[in-house]
Amino acid sequence: MGIDSAAGLTALTAVNELFISRHTDTVVFAFLFAAAVLSGIAAAVMYVRTAKILKRLDEMLEGAICHTFTEYDFTETKLSRLESKMYRFLSAEKTVRKQREEEKNGVKALVSDISHQTKLPVSNILLYTQLLKEREELDDSLRGILCQIESQAEKLAFLISSLVKTSRLENGIVAVRQKENSIRQLVEGLDGTAAKQKGLLFTVEEIPDCMALFDRKWTEEALGNILDNAVKYTPEGGSVRISAKEYEMFVRIEIADTGIGIREEETAEIFRRFYRSPEVGDEKGVGIGLYLAREIITKEGGYLKVDSKPGEGSVFSVFLQKTANLSILKDFGKNPERFV
C-alpha cells in the first residue's frame with residue numbers, strides 16, 4: 001500500500017511539472033509574440049512618422065528653392081519649430097535679396113546717369129581744345145597749356161569709361177556671355193600700332209586655329225589693357241610679343257615684353273583697383289586696366305597670371321577655357337600649372 005502511494009505521488013508530481021513546463025512555454029511564447037507585434041507596430045508608426053517628416057521637409061526645401069515656402073503647421077512639435085525657424089530665415093533672406101536688387105537698380109541708374117552726364121562735357125572740352133589749337137595766332141606757351149588740357153581731358157574720359165565698365169561688371173549690369181570663338185581672330189583683333197609708333201618690335205607668333213569659350217568683346221578689352229601696359233612700360237628699342245598655345249582643357253595667350261618688369265611683392269598688388277607702383281608714378285594711367293582685365297577673365301571662368309623680374313620684362317598669361325566642365329576648371333583655376 002505504501003509503495004502504491006509513493007508511485008502515485010511521483011506520477012502526480014511528474015504531471016504537475018509537465019503542466020507547469022508547458023504553461024511556462026506558452027506564457028513565454030505569448031510574451032515573445034506580443035513583444036514582436038508591439039515592435040512591429042512601433043516600427044510601422046516610426047516609419048509613417050519619419051515618412052511624414054521627410055515629406056514635409058522635402059516640401060519645405062522645394063518651397064524654399066522656388067521662393068513659395070509658407071508656414072502652416074502651428075503645433076508644438078519639433079518639426080513645427082523647425083518650420084517656424086525656416087520661415088523666419090527665408091523671410092529675412094527675401095528681405096535682403098529685395099534690398100540687394102534695389103541697390104543694384106540704384107547703382108545701375110547712377111552709372112547710367114554718370115555716363116550720360118559726363119560724356120558730353122568731356123567731349124566738348126576735347127572739341128574746344130582742338131579748335132583752339134588750330135588757331136595760328138597762339139604762341140607756344142598757350143599751345144602747351146592747350147595740350148595739357150587735352151591730355152587731362154583724355155585721361156578723365158578714359159577714367160570715367162573704365163569706372164563705368166568696372167561698375168557694370170561688378171554689379172552684373174553687363175553680363176559676360178561665353179560662347180565658342182576663334183583664338184586666332186581674337187589675337188588678330190589686337191592693335192600693335194602704338195607699339196610700332198613708340199619704336200618697339202611688335203611680333204605675333206603663329207596662332208593655332210583653335211576655339212575657346214569667351215566673350216569676344218570683353219576679352220579683347222582685357223587683352224587690350226594688358227597690351228597697353230606692355231607698350232607703356234617698355235622703353236624704346238624693346239619688344240612686345242604675343243603668342244598662344246593650345247592644351248587639352250584650355251588655351252593660353254601670352255603677352256611678353258622687355259620692359260621695366262615688376263617686383264615679386266607687387267605681382268599681386270598690380271591687380272588691385274587704382275594701384276600704381278611708385279616706380280611708374282610719372283607715367284600716364286589710373287591703375288584700373290589690369291583690375292578690369294582680371295575681372296573679365298575671371299567672369300569667363302579663366303585665369304590671369306604674371307611672371308616678371310625687374311629689368312627683364314614681364315609675361316602675362318591669360319588662360320581661357322575650352323570646356324564647360326566646372327569640376328575640372330575649379331582645380332584649374334587654383335593651379336593652372338598642373339594642367340600644362
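Taking every heavy atom of both residues into account, L190 and G224 meet most closely at CD2-N, 4.1 Å. Annotation for G289 and N225: closest pair O-ND2, 3.2 Å, computed over non-hydrogen atoms. The two residues V251 and C210 come nearest to each other via the heavy atoms CG2-SG, 3.8 Å. Of all heavy-atom pairs spanning R177 and D215, the tightest one is N-OD2, 3.0 Å. Across all their heavy atoms, S182 and D209 have their closest contact at OG-OD1, 4.1 Å. Of all the heavy atoms in A157 and V122, the pair that sits closest is CB-CG1, 3.5 Å.
Rounding to the nearest 0.5 Å gives a distance of 8.5 Å between OG of S308 and CD1 of I260. To the nearest 0.5 Å, atom CD1 of residue I242 and atom CG of residue L223 are 8.0 Å apart. For the atom pair K299 NZ and W218 CH2, the distance stands at 10.0 Å (nearest 0.5 Å). Once rounded to the nearest 0.5 Å, the distance linking CD1 of I297 with CG of L292 reads 10.0 Å. In this structure, F250 CZ and Y303 OH are separated by 11.5 Å, a value rounded to the nearest 0.5 Å. Taken to the nearest 0.5 Å, the CG atom of D257 stands 5.0 Å off from the OG atom of S314.
Salt bridge annotation for E220-R216: present, with a cationic side-chain nitrogen under 4.0 angstrom from a carboxylate oxygen. Under 4.0 Å is where a charged nitrogen must lie from a carboxylate oxygen, and between E236 and K198 no such pair does. A salt bridge is absent between E266 and R272: the closest approach of a Lys/Arg side-chain nitrogen to an acidic carboxylate oxygen does not fall below 4.0 angstrom. Between E246 and K322, at least one side-chain N (NZ, or NE/NH1/NH2) sits under 4.0 Å from a carboxylate O, which counts as a salt bridge.
In this structure, the side chains of L290 and F316 come closer than 4.5 Å at one or more pairs of heavy atoms. For the pair R184 and P208, the minimum side-chain heavy-atom distance is 4.5 Å or more. In this structure, the side chains of R241 and E254 come closer than 4.5 Å at one or more pairs of heavy atoms. Side-chain contact between V231 and L200 is present, with heavy atoms from C-beta onward closer than 4.5 Å. You'll find the side chain of I207 stays beyond 4.5 Å of the side chain of E188, heavy atoms only. M249 places none of its side-chain heavy atoms less than 4.5 Å from the side chain of Q321.
By the 6.0 Å contact criterion, CG on D139 is enclosed, its count of non-hydrogen atoms from other residues, nucleotides or ligands being greater than 12.
Although no hydrogens or angles enter the test, the distance criterion places a donor-acceptor pair under 3.5 Å between the side chain of T267 and the main chain of E264. Remark: the backbone N or O of R294 is paired with a side-chain donor or acceptor of T298 at under 3.5 angstrom. In this structure, T258 contributes its side chain and S239 its backbone to a donor-acceptor pair below 3.5 Å.
The stretch residues 141-152 participates, sequence neighbours left out, in these salt bridge (charged side-chain N to carboxylate O under 4.0 Å, His left out) pairs: K133-E150.
By the rule that hydrophobic residues join a cluster once side-chain heavy atoms approach within less than 4.5 Å of another member, F319 and Y247 end up as members of one cluster. Side-chain heavy atoms closer than 4.5 Å link hydrophobic residues (I, L, V, M, F, W, Y) into clusters, and following such links, possibly through other members, connects L146 to L142. In terms of hydrophobic clustering, with Ile, Leu, Val, Met, Phe, Trp and Tyr side chains grouped at heavy-atom distances under 4.5 Å, M211 and F214 are assigned to different clusters. Cluster annotation: V204 is connected to I226 through the hydrophobic network of ILVMFWY side chains, with a link wherever side-chain heavy atoms come within less than 4.5 Å.
Among N181, I253, V318, the single residue meeting the side chain to side chain contact (heavy atoms under 4.5 Å, CB included) criterion with L186 is I253.
Taking the six-membered ring for Trp, F271 and Y291 have ring centres at least 6.0 Å apart.
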Working for side-chain contact (heavy atoms from CB on, under 4.5 Å), residues V240 and L227: CA-CA 8 Å; V240 176; L227 180 59; 3.7 Å; yes
Criterion side-chain hydrogen bond (donor to acceptor under 3.5 Å, both in side chains) on T219 and E300, from CA distance to verdict: CA-CA 9 Å; T219 308; E300 292 179 331; 2.5 Å; yes
Audit row: I262, I270, side-chain contact (heavy atoms from CB on, under 4.5 Å) steps and yes/no: CA-CA 9 Å; I262 305 167; I270 60 175; 3.7 Å; yes
